There are 2 protein chains.
Amino acid sequence: MPVSSSRHAAASADAAAPAPRRSVRDEVEQSLRAGLLSGRFVPGHSVTLRGLAQELGVSPMPVREAVRALSAGNALEIRSNGRIQVPTMTPQRLSEILTARLLLEPELAFVAAAHLGSSDATALRKIDDRVDESLSGGDAETYMRENFAFHFHIYRAAGSQVLMPLVESLWLQFAPFMRTVYGRVGTAALDDHHKEAIAAVRSRDAGGLRDAIAADIRCGMELLDRSSGEGLREAQPGPPD
Amino acid sequence: MPVSSSRHAAASADAAAPAPRRSVRDEVEQSLRAGLLSGRFVPGHSVTLRGLAQELGVSPMPVREAVRALSAGNALEIRSNGRIQVPTMTPQRLSEILTARLLLEPELAFVAAAHLGSSDATALRKIDDRVDESLSGGDAETYMRENFAFHFHIYRAAGSQVLMPLVESLWLQFAPFMRTVYGRVGTAALDDHHKEAIAAVRSRDAGGLRDAIAADIRCGMELLDRSSGEGLREAQPGPPD
DNA sequence: TTCGGGTAAATGTGATCACAAATTGAGGTG
DNA sequence: CACCTCAATTTGTGATCACATTTACCCGAA
């Protein structure tokens, strides 16, 4: 079932939009990113080029490039036999990711604080409301999407074209695993530090925002420590892939 | 001039080699990475799929994917018209890259210190000899390659599958620009802190190694401050690409 | 000489084909 | 019932083609 042959199908005719971004490849990549971040992809589960292509209604070609782009950031894994799979998590890898997050994200939030205003505070509160709602409702997928929206609304304000992609790469790496954690221990036990972050944004307290983000990340670390081991495939000395 | 049709041309028959790396695509990507890191690509200069393909003796297909992978890490830029070019540097972007390096690399070196021994110290000294040689000789390209080898010999010891790719991404981003800086101000003025790093490795002083790396990065920052502005295309408010 | 205009070449994108390797599944044998 | 064998399917990879868009270049007019 090939997609409607015209490659301009998505490019609406109005020239008002500054970035009407065409290119099927980018659409596929965004779709895959969203799937990773919302936890629709299960770690260890393998995906196929043709499978994704059919699912998205495109030819395997744009999928190939999108997968290659994601795998360049370790968001997808290409095994030695060429098979594609969403990476499995190991205790070591998870520890490294959280270390990296702790190094980058508080600093990014600190920079962002200068560009955040009260309007952002109210926007963040609206997002956080949806976060809380999905938390109590146990809707892990919505939670992950809104939690991502919360953090990156802050980070985006920093206007960094360097740190942002790095942080995004980290999220793409741990998101699928977190989804499985939430599925097992539930999301109720989470007490993020979003409220403190919002307060810091409202009072333009850059240091406070940095600390709130750091605390939020550490909170996630503790959750994982509590449910440590389970679901983590031990680093086994098998033949490397 | 299509490459020899057999895709196994590079895969030697001997099974003794542990990593006989197949896949033309990976070879192309490694080739491009090496070119970026050694400064063979000039910032702002545009490259073409077919051009690289012919240069490397392959079809445009593997190049397409390799370029896509590199551009995912901001090592190459794909403009709105689809044209590929090596990214230009702006003062802001350079500052962000150095900030990120300062956040990640000292920490990575700190972790690596535990896995480095005296044999690594001698290996590093050999590399550093070549660095000094190329510095006094004014061979910027060799300098960049050996300087990269020096740093990543250390970083690799950390065994991090998360931080390493992030740091590599940063190097790929600033390397082409550094090449132009060296070409303008020369390499003689550089006094890296490699000697201190080697001493720290030999005496297993993790903190000392971290500080040496941090000092080395700061040294690079000063060099750029001294020659600030020149070669940096100001962030101009033209139509975004 | 300079500035348009219009044609030709070049470029990225997506689709399709061919092929080798790997996986899968069934069927047969111990 | 377990294990092996072998064929059929699936999958990634690379090449080639078609096409719309963009860029480059050359010629002619002012």
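Computed from a predicted model, the values in this text were never measured in an experiment. Naming: A, B, ... by sequence-line order, numbering from 1 per chain.
Between the A:Gln92 side chain and the B:Gly159 main chain, a donor and an acceptor come within less than 3.5 Å of each other.
When the C1' atom of D:dT13 is taken as reference, atom CZ of A:Arg79 falls 19 Å away, rounded to whole Å. The distance between atom CG of A:Leu49 and atom P of C:dC19, rounded to the nearest whole Å, is 20 Å. As rounded to whole Å, 12 Å separates atom P of D:dG12 from atom CG of A:Leu76. Distance, A:Leu70 CG to D:dG12 P: 15 Å, rounded to whole Å. For A:Leu52 and C:dG14, the CG to P distance is 16 Å, given to the nearest whole Å. Protein atom CD1 of B:Ile84 is 16 Å distant from nucleotide atom P of D:dT22, rounded to whole Å.
Note on A:Ser23: every side-chain N or O is 4.0 Å or more away from OP1 and OP2 of C:dT13. Within the 4.0 Å cut-off from OP1 or OP2 of C:dT23, at least one side-chain nitrogen or oxygen of A:Asn81 is found.
Between B:Phe174 and B:Phe177, a ring centre-to-centre spacing not shorter than 6.0 Å is recorded.
Here the side chain of B:Arg50 is nearest to one of D:dG14, C:dT11, C:dG14, namely C:dT11. For A:Arg64, the side-chain atoms get nearest to D:dG14 when compared with the rest of C:dA18, D:dG14, C:dT23. Of the candidate nucleotides C:dT16, D:dG14, C:dG12, C:dT16 has the atom lying nearest to any side-chain atom of A:Ser59.
Residue whose closest nucleotide on DNA chain D sits further toward the 5' end, between B:Pro60 and B:Glu65: B:Glu65. Along DNA chain D, the nucleotide nearest A:Met61 and the nucleotide nearest A:Arg83 are compared for position; the residue whose nucleotide lies closer to the 5' end is A:Arg83. Projected onto DNA chain C by closest heavy-atom contact, B:Thr48 and A:Pro62 fall at different nucleotides, the more 5' of which corresponds to B:Thr48.
Within the 4.0 angstrom heavy-atom criterion, only backbone atoms of the sugar-phosphate kind lie near A:Val47; the bases stay farther away.
One distance of note links NZ of A:Lys126 with CG of A:Leu124; it measures 11.5 Å at 0.5 Å rounding.
In this structure, B:Pro87 and B:Asn74 have side chains that are not in contact, with every pair of non-hydrogen atoms separated by 4.5 Å or more.
Between B:Phe152 and B:Tyr155, the ring planes lie perpendicular to each other; the angle is over 60°, past the 30° to 60° tilted range.
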